[in-house]
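Presented below is the structure to which this report refers.
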Amino acid sequence: MLSRVANSLYWMSRNAERAENNARILDVQLLQMIEASDEELVRDDDWKLIYEICASTDMMEYIKSLPAYNEDQLVYYLAMEEENFNSVASCVRFIRENARVSRDHITDDYWEVWNRCYLTLQDMDTENLSVREMQQFLQKVKNTALTSQGIVESSMSRGVEYQMIKIGKWLERAEKTARILNVVCERTLARSAAQQSEDYYYWLAALRMTNGYDAYLKANPPKMDPSLVLTFLVSNSSFPRSIRYCLDHMREAIVKLEDGKVSHYSWELFAKIDQLTADFDDFNFQDLEQQDMMNFLNEFQNGCNEIGQIFSKTYYLIDPDSENYKSTQTQTESAKGITSMKYKIEHTNIFKYDTVVDQSMNSIRLKPRTDEVQRLLSYRADITPASLTKEHIDIWGNNVETFFIAEHHQHLEVKTTSIVSIQKSPFIHQIDYSPEMRAIFHSKLFGEHYLAYLSNTAYTYLNPEQIEQVDRELGKFDNPVQYALDVMNYIHDHFTYNGESTDVSTKASESFDLRKGVCQDITHVMLGILRSKHIPARYVSGYLYVGENSALVGDAASHAWVEFMVPGVGWVGLDPTNNVEALENHIRVGVGRDYNDVSPVQGVYRGGSQSLDVKVSVSLLDQ
């Protein structure tokens with residue numbers, strides 16, 4: 001599985017767990033606002049507890065300092081605020097977007113249940129909600145989260161997708177439980193010092209926030225003993241929200257992901273999980289003072305956060321802010337950086353023949369691909385004179401339709417209409433070229449597997465003198481990811497987009513000397529340079545949505561660009577014509593070694609000469 005898809009599944013699951021946790025915590029607070037009297041607990045302290053768990057006390061103080069402050073604003077920020085990436089509503093949006101990215105890897109039921117929740121959110125007047133309506137929304141989110149968990153357990157195969165979802169869930173849950181206990185312990189320590197007495201109200205809140213109140217009473221005497229609550233929520237091996245339970249099941253999922261092996265790239269992750277698990281055996285919470293408890297929980301929460309960092313690093317998940325990573329507090333860029341676009345593409349090829357053609361055999365490669373980041377929603381091919389098509393997948397994985405016209409004709413029109421949805425996030429600048437990736441890149445198996453994309457063709461070959469020119473400017477090759485970016489910048493700086501200087505048969509060596517050409521020529525040059533350094537690279541044909549006021553350039557909306565293979569990550573697209581990463585504006589149709597492998601229309605006919613008129617339109621549709 002590509003790490004992009006794994007990343008979407010992982011953060012989809014984490015946000016689903018986060019949405020349920022935050023909805024439950026806020027729901028508990030709304031209930032306690034009604035139940036608590038001034039003698040039991042000052043309401044301001046209640047909000048400090050909630051904000052320390054779900055946001056920050058600095059944000060709480062800022063909201064309270066606003067001129068028109070009222071308590072509803074505190075609720076709104078945690079539940080609905082779009083600028084709060086950890087609000088319940090934001091989590092729902094992130095879940096839906098990540099689910100859209102990974103639609104082919106989850107069940108339809110999972111998508112539908114979260115999509116319904118999202119549509120409910122869209123229909124709400126979020127700025128004018130009553131407390132009752134807010135509670136109904138929070139209950140809707142909790143029910144959706146629980147339903148989606150049931151769907152995963154009852155209908156998903158126990159493959160990589162399932163394990164990524166489970167790992168995200170257990171890690172998010174462990175971190176949230178650790179955060180709750182950390183804050184509760186700190187607050188009770190402060191209140192006990194001020195009042196010279198034990199305060200059990202916060203421990204009751206901790207059980208309610210983790211949905212463990214009923215389970216705790218069944219396993220323990222009916223009293224809020226802090227040491228018993230801590231033991232129950234930290235080391236109980238049968239309660240599904242205890243930290244021990246979460247870590248055990250997370251480790252089990254990683255073991256299945258790795259087929260029971262501890263590899264050179266995963267040993268650090270296993271070691272950290274085992275270290276945290278072993279810490280449970282060294283502590284007896286009933287013998288600890290509150291300060292010792294708080295110190296232990298501080299270290300433990302840091303350990304949980306570190307596991308999240310190591311996991312992202314191990315499996316190349318997008319985690320751009322790892323040094324300041326606090327997953328309980330901060331939504332990462334991977335969850336909020338995904339862009340979704342839907343396009344309608346109309347591509348018409350009109351052939352006119354000087355004499356009557358009595359028969360022709362043709363093949364077309366005009367059907368967009370469906371993969372991890374692009375989804376073909378509909379496709380239709382209209383051929384005149386009418387002909388039946390037969391479809392197959394070629395050696396490069398492209399959709400090919402063939403058709404035969406036996407009747408006499410002097411005109412052939414092939415019109416295709418496609419609707420495509422694309423979800424992509426900026427990716428390449430976040431790749432850290434690790435020693436493990438370097439070992440894979442230089443391995444014999446890697447070279448053999450991608451041999452077809454390492455060998456230059458007549459279209460992509462550059463002579464040694466031309467390669468030497470590039471080397472003099474770019475310097476020593478070491479990191480293939482950075483080198484690919486450097487090559488793209490080099491070509492963009494030295495080549496001019498010009499549709500009059502070349503034709504469809506122009507080779508890379510000719511384009512290199514001219515220093516100009518169209519996207520096909522520029523792509524061939526970049527392929528030749530990358531392959532000279534044994535970087536697997538392939539030609540991509542498709543469409544480019546330029547839009548209004550765009551700096552992107554392409555040939556009448558049809559386009560070509562490069563994809564190169566990053567070990568452990570997958571194919572990453574670069575557009576040297578525009579000096580950008582190929583993202584949501586790039587619609588992929590075919591891939592191959594060069595243009596000849598992905599030519600949109602190929603065929604033979606019996607007749608005179610021909611002329612060709614091509615019309616392509618790409619329009620953006622409403623989501």
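Computed from a predicted structure; not experimentally measured.
Of all non-hydrogen atoms in Leu366 and Pro600, the two that sit nearest each other are CD2-CB, 3.6 Å. Among all heavy-atom pairs drawn from Asp371 and Asp104, the shortest one is O-OD2, 3.7 Å. Taking both residues in full, the closest heavy atoms of Ser532 and Asn456 are given as N-ND2, 4.5 Å, listed atom of the first, atom of the second, then distance. In terms of heavy atoms, Tyr10 sits closest to Leu171 at OH-CD2, 3.3 Å. Across all their heavy atoms, His411 and Glu413 have their closest contact at CE1-CB, 3.7 Å. Scanning all heavy atoms of the two residues, the minimum distance from Asp575 to Ala560 falls at OD1-O, 4.3 Å.
Taking the six-membered ring where tryptophan is involved, the planes of His524 and Tyr539 are tilted, since the angle between them lies from 30° to 60°. Between His559 and His586, the two ring planes are tilted [angle within 30° to 60°]. In this structure, His347 and Tyr543 have perpendicular ring planes: the angle between them is above 60°, well past the 30° mark. The aromatic rings of Tyr110 and Trp114 are tilted relative to each other, their planes meeting at an angle between 30° and 60°.
A 4.5 Å side-chain heavy-atom check between Leu412 and Ile383 finds at least one atom pair inside the cut-off. Contact check for Ser501 versus Lys516: side-chain heavy atoms found under the 4.5 Å cut-off. Residues Met565 and Ile535 have side chains not in contact (no heavy-atom distance under 4.5 Å, counting atoms from C-beta outward).
Side chain to side chain, Thr496 and Asn498 fail the donor-acceptor criterion of an N or O pair below 3.5 Å. For Tyr490 and Gln469, the side-chain atoms include no donor-acceptor pair closer than 3.5 Å. Between the side chains of Asp109 and Thr107, no donor N or O sits under 3.5 Å from an acceptor N or O. One side chain, Tyr162 or Glu153, offers a donor N or O that lies under 3.5 Å from an acceptor on the other. Judged purely by distance below 3.5 Å, without hydrogens or angles, the side chains of Gln482 and Asp486 pair a donor atom with an acceptor atom. Arg369 and Asn398 are linked by a side-chain donor-acceptor pair at a separation below 3.5 angstrom, with hydrogens and angles left out of the test.
Interatomic distance, Ser148 OG to Glu17 CD, rounded to the nearest 0.5 Å: 9.0 Å. Rounding to the nearest 0.5 angstrom, the gap separating the CD1 atom in Ile491 from the CG atom in Asp521 is 11.5 Å. One distance of note links CD of Glu161 with OG of Ser8; it measures 12.0 Å at 0.5 Å rounding. For the atom pair Ser378 OG and Ile419 CD1, the distance stands at 3.5 Å (nearest 0.5 Å). The CG atom of Asp394 sits 9.5 Å away from atom OG of Ser363, with the distance rounded to the nearest 0.5 Å. Here the CZ atom belonging to Arg380 is positioned 7.5 Å from the OG1 atom belonging to Thr417, to the nearest 0.5 angstrom.
More than 12 heavy-atom neighbours from other residues, nucleotides or ligands sit within 6.0 angstrom of CZ on Arg158. Within a 6.0 Å sphere centred on CG of Leu612, other residues, nucleotides and ligands contribute more than 12 heavy atoms. Annotation: Lys272, atom NZ; neighbour count of heavy atoms from other residues, nucleotides and ligands within 6.0 Å is above 12. In this structure, Lys533 places its NZ atom where more than 12 heavy-atom neighbours from other residues, nucleotides or ligands lie under 6.0 Å away. Within a 6.0 Å sphere centred on CG of Leu451, heavy atoms belonging to other residues, nucleotides or ligands number more than 12.
Legend: residues meeting side-chain contact (heavy atoms from CB on, under 4.5 Å) with Glu465, ordered by chain and number and at least two apart, are Asn463. For Tyr461, there are no ring-ring contact (aromatic ring centres under 6.0 Å, His included) partners two or more places apart in sequence or in a different chain.
Ser102 places no side-chain N or O within donor-acceptor distance of the main-chain N or O of Leu9, the cut-off being under 3.5 Å. With Asp597 contributing its side chain and Arg593 its backbone, the two residues share a donor-acceptor pair below 3.5 Å. Side-chain N or O atoms of Ser443 include one that pairs as donor or acceptor with a backbone N or O of Phe446 at under 3.5 Å. Under a 3.5 Å cut-off, the side chain of Lys352 and the backbone N or O of Ile350 do not form any donor-acceptor pair. Put simply, the side chain of Thr523 never gets that close to the backbone of Val562: no donor and acceptor are under 3.5 Å apart. Between the side chain of Glu172 and the main chain of Ser13, no donor-acceptor pair closer than 3.5 Å is present. Here the side chain of Thr506 pairs a donor or acceptor atom with the backbone of Asp503 at under 3.5 angstrom.
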Using the side chain to side chain donor-acceptor pair (under 3.5 Å) rule, take Thr457 and Asp594 through it: C-alpha gap first, then chi angles, then the decisive distance, then the call. CA-CA 7 Å; Thr457 67; Asp594 55 28; 2.6 Å; yes
Side chain to side chain donor-acceptor pair (under 3.5 Å) evaluation trace for Asn115 with Arg96: CA-CA 6 Å; Asn115 190 48; Arg96 182 178 184 266; 2.6 Å; yes
Step-by-step side chain to side chain donor-acceptor pair (under 3.5 Å) determination, Gln466 to Asp513: CA-CA 8 Å; Gln466 292 170 327; Asp513 291 336; 3.1 Å; yes
Side chain to side chain contact (heavy atoms under 4.5 Å, CB included) between Leu376 and Lys367, worked out: CA-CA 9 Å; Leu376 179 62; Lys367 185 175 183 179; 3.5 Å; yes
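For the pair Arg438 and Phe441, the cation does not sit on the ring face, since its NZ or CZ is not both under 6.0 Å from the ring centre and inside 45° of the axis. A cation-pi geometry, defined here as NZ or CZ lying under 6.0 Å from the six-membered ring centre and within 45° of its normal, holds between Arg515 and Phe512. In this structure, Arg538 forms a cation-pi arrangement with Trp571, its terminal cationic atom sitting closer than 6.0 Å to the ring centre and no more than 45° off the ring axis.
Residues Tyr453 and Phe564 place their aromatic rings such that the two centres sit no closer than 6.0 Å.
With Leu574 as the partner, the side chain to side chain contact (heavy atoms under 4.5 Å, CB included) test is satisfied by one option alone out of Leu530, Leu485, Val580: Leu485.
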